[in-house]
Amino acid sequence: MDEKKPEGNSDILELGAIREIDENDYEWSALLSRQPRFADKCDWEQLSGCDWGILLCVQPQFADKCDWEKLNGRDWSSLLSEQPQFADKCDWEKLDGRDWDWLLSGKPQFADKCPWERLNGFDSGYLLSRQPQFADKCDWAKLEGSAWSILLREQPQFADKCDWEKLDGEKWRLLLSEQPQFSDKCPWEKLNGSDWSWLLSEQPQFADKCDCEKLDGSDWSSLLLEQPQFADKCDWEKLSGEDWKELLDKRPEFKEKRP
């Protein structure tokens, strides 16, 4: 029979832990997030802005203890995403473009506070992928290939704004995997072997556009695992021992192809 644990054991452990965290503000934040009843033991001055952000997200009743000046833009973005009622305490000047991107993605009601010029192209692309109603605030010239790939995967209606030349092979691979209707815009020569292996695994109808010479052994192994019908295109000599092991573990039918 298992020995019965003494009642209150968790309290003893928690109280014992307090002796270990007197000089560690993050541990206070973590402890009070789980066990707010120990608040009377806390030296609130120890908590940093990051700690306050973490704590108030889950225990907003401690707001009257908070030194709001300690919070930076990232702290405010995280906190207001969970507890928007603290907006009147926020120094909005502390938020940079990435902070605004994060906050407005989940809490668009704060848009009237946003200095839109602070958002760079990536911030704008990410935000519009989630909140497309802010398109009139966007400086489209700021968006680079990665931002366009993210945005158009979620909001293809903005394609007429896109400078397609900004997308490299990887960004085309990511975009066409989810939005193949943009294939007529793609300069296929930008895709390398890894791009082709990924894309054809998802969208095999583009095989006629592929320069198969670009695929190395690893690319072929990955592709044939998903699309074995391309075996007749494969240069089997390119596969290493590790490539063969990966392929044959799931596609033993190709064993006869091994040199």
Side-chain angles (χ1 to χ4, degrees), residues 30 74 78 81-82 98 101-102 105-106 120-132 143-259:
R74 194 59 45 86
S78 298
S81 293
E82 298 295 327
R98 184 61 54 86
D101 168 13
W102 179 264
S105 290
N120 63 27
F122 188 86
D123 300 331
S124 296
Y126 187 88
L127 175 58
L128 290 179
S129 71
R130 286 152 179 76
Q131 300 290 349
L143 274 67
E144 297 298 331
S146 58
W148 278 116
S149 181
I150 291 170
L151 175 57
L152 294 179
R153 274 181 275 163
E154 300 294 330
Q155 305 291 345
Q157 70 271 24
F158 293 127
D160 63 327
K161 306 291 186 182
C162 182
D163 181 353
W164 299 104
E165 290 299 316
K166 292 184 175 181
L167 278 70
D168 62 16
E170 179 190 22
K171 305 310 181 296
W172 273 112
R173 174 251 290 179
L174 292 170
L175 176 58
L176 294 178
S177 291
E178 297 186 29
Q179 299 289 354
Q181 71 269 27
F182 294 129
S183 62
D184 62 328
K185 307 291 187 183
C186 181
W188 298 106
E189 67 276 4
K190 287 188 175 183
L191 278 68
N192 62 26
S194 178
D195 298 327
W196 275 116
S197 178
W198 178 303
L199 179 58
L200 293 180
S201 293
E202 300 289 329
Q203 302 288 349
Q205 70 271 25
F206 295 132
D208 63 329
K209 307 294 185 182
C210 178
D211 179 356
C212 292
E213 291 299 317
K214 290 186 174 183
L215 279 69
D216 63 18
S218 178
D219 300 328
W220 278 114
S221 177
S222 297
L223 175 57
L224 293 175
L225 285 173
E226 302 298 326
Q227 302 290 349
Q229 71 270 25
F230 293 128
D232 62 330
K233 307 289 186 184
C234 181
D235 182 350
W236 301 103
E237 297 289 338
K238 289 184 176 182
L239 276 69
S240 69
E242 189 61 31
D243 298 329
W244 276 110
K245 181 179 184 304
E246 180 181 354
L247 179 60
L248 295 179
D249 279 348
K250 295 184 178 179
R251 295 287 183 184
E253 67 269 25
F254 290 132
K255 184 177 182 179
E256 64 182 30
K257 301 290 186 180
R258 189 168 189 174

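All heavy atoms count here, side chains included; hydrogens, waters and symmetry mates do not. Here the structure is a predicted model, which is why all the values come from computation and not from measurement.
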Next item on the list: Measure the spacing between OG of Ser146 and NZ of Lys166 and express it to the nearest 0.5 Å.
Entry: 10.5 Å

Check: For Ser197, does its backbone N or O pair with a side-chain atom of Ser201 as donor and acceptor, under 3.5 Å?
Finding: yes

Note to self: Is there a side-chain contact between Leu215 and Lys233 in this structure, where contact means two heavy atoms from C-beta onward sitting under 4.5 Å apart?
What the structure shows: no

Next item on the list: Give, for atom CG of Asn192 and atom CD of Glu170, the distance between the pair rounded to the nearest 0.5 Å.
Entry: 8.5 Å

Check: Can you check side chain to side chain contact (heavy atoms under 4.5 Å, CB included) on Trp196 and Asp219, steps first, answer last?
Finding: CA-CA 8 Å; Trp196 275 116; Asp219 300 328; over 6 Å; no

Next item on the list: Identify the two heavy atoms, one from Phe122 and one from Ala147, that lie closest to each other, and give their separation to 0.1 Å.
Entry: CA-CB, 3.9 Å

Checklist line | Gap separating the CG atom of Leu247 from the CZ atom of Arg251, nearest 0.5 angstrom | finding: 8.5 Å

Next item on the list: State, with a plain yes or no, whether a side-chain heavy atom of Leu199 is found less than 4.5 Å away from one of Trp188.
Entry: yes

Check: Atom CZ in Phe254, atom NZ in Lys257: separation rounded to 0.5 Å?
Finding: 8.0 Å

Item checked: Shortest non-hydrogen separation from Glu246 to Ser222 and the atoms involved -> OE2-OG, 4.3 Å

Note to self: For Tyr126, does the six-membered ring have the charged nitrogen or CZ of Arg130 within the cation-pi criterion, i.e. under 6.0 angstrom from the centroid and within 45° of the normal?
What the structure shows: yes

Checklist line | Salt bridge Lys190-Asp168, side-chain N to carboxylate O under 4.0 Å | finding: no

Margin query: Is the shortest side-chain heavy-atom distance between Lys238 and Glu213 below 4.5 Å?
Written below: yes

Next item on the list: Determine whether the aromatic ring centres of Trp220 and Trp236 lie less than 6.0 Å apart.
Entry: no

Margin query: For a side chain to side chain contact (heavy atoms under 4.5 Å, CB included) check, start with the C-alpha distance between Arg258 and Leu248, then their side-chain angles and the critical distance, and finish with the verdict.
Written below: CA-CA 10 Å; Arg258 189 168 189 174; Leu248 295 179; 4.3 Å; yes

Next item on the list: For Cys162 and Leu167, work out which heavy atoms get closest and say how close.
Entry: SG-CD1, 4.1 Å

Notebook entry, point to check: Ser129 versus Arg153: any side-chain heavy-atom pair under 4.5 Å?
Noted result: no

Checklist line | Minimum-distance pair of heavy atoms, taken over all atoms of Trp244 and Leu239 | finding: NE1-CB, 3.4 Å

Next item on the list: With sequence neighbours left out, write down each residue that passes salt bridge (Lys or Arg N to Asp or Glu O under 4.0 Å) with Asp243, or none if nothing qualifies.
Entry: none

Checklist line | Gly121 versus Leu143, closest heavy-atom pair with distance | finding: O-CG, 3.7 Å

Next item on the list: Find the distance between CD (Glu144) and CG (Asp163) and round it off to the nearest 0.5 Å.
Entry: 8.5 Å

Checklist line | All salt bridge (Lys or Arg N to Asp or Glu O under 4.0 Å) counterparts of Asp195, not counting sequence neighbours | finding: Arg173

Note to self: If I take atom OG from residue Ser105 and atom CG from residue Leu128, how far apart are they, to the nearest 0.5 angstrom?
What the structure shows: 9.0 Å

Notebook entry, point to check: Which heavy-atom pair separates Gln157 from Gln155 by the least distance, and what is that distance?
Noted result: NE2-OE1, 2.8 Å

Next item on the list: Look only at the side chain of Lys214 and the backbone of Glu189, and say whether a donor-acceptor pair between them is shorter than 3.5 Å.
Entry: yes

Item checked: Glu178 CD: over 12 foreign heavy atoms closer than 6.0 Å -> yes

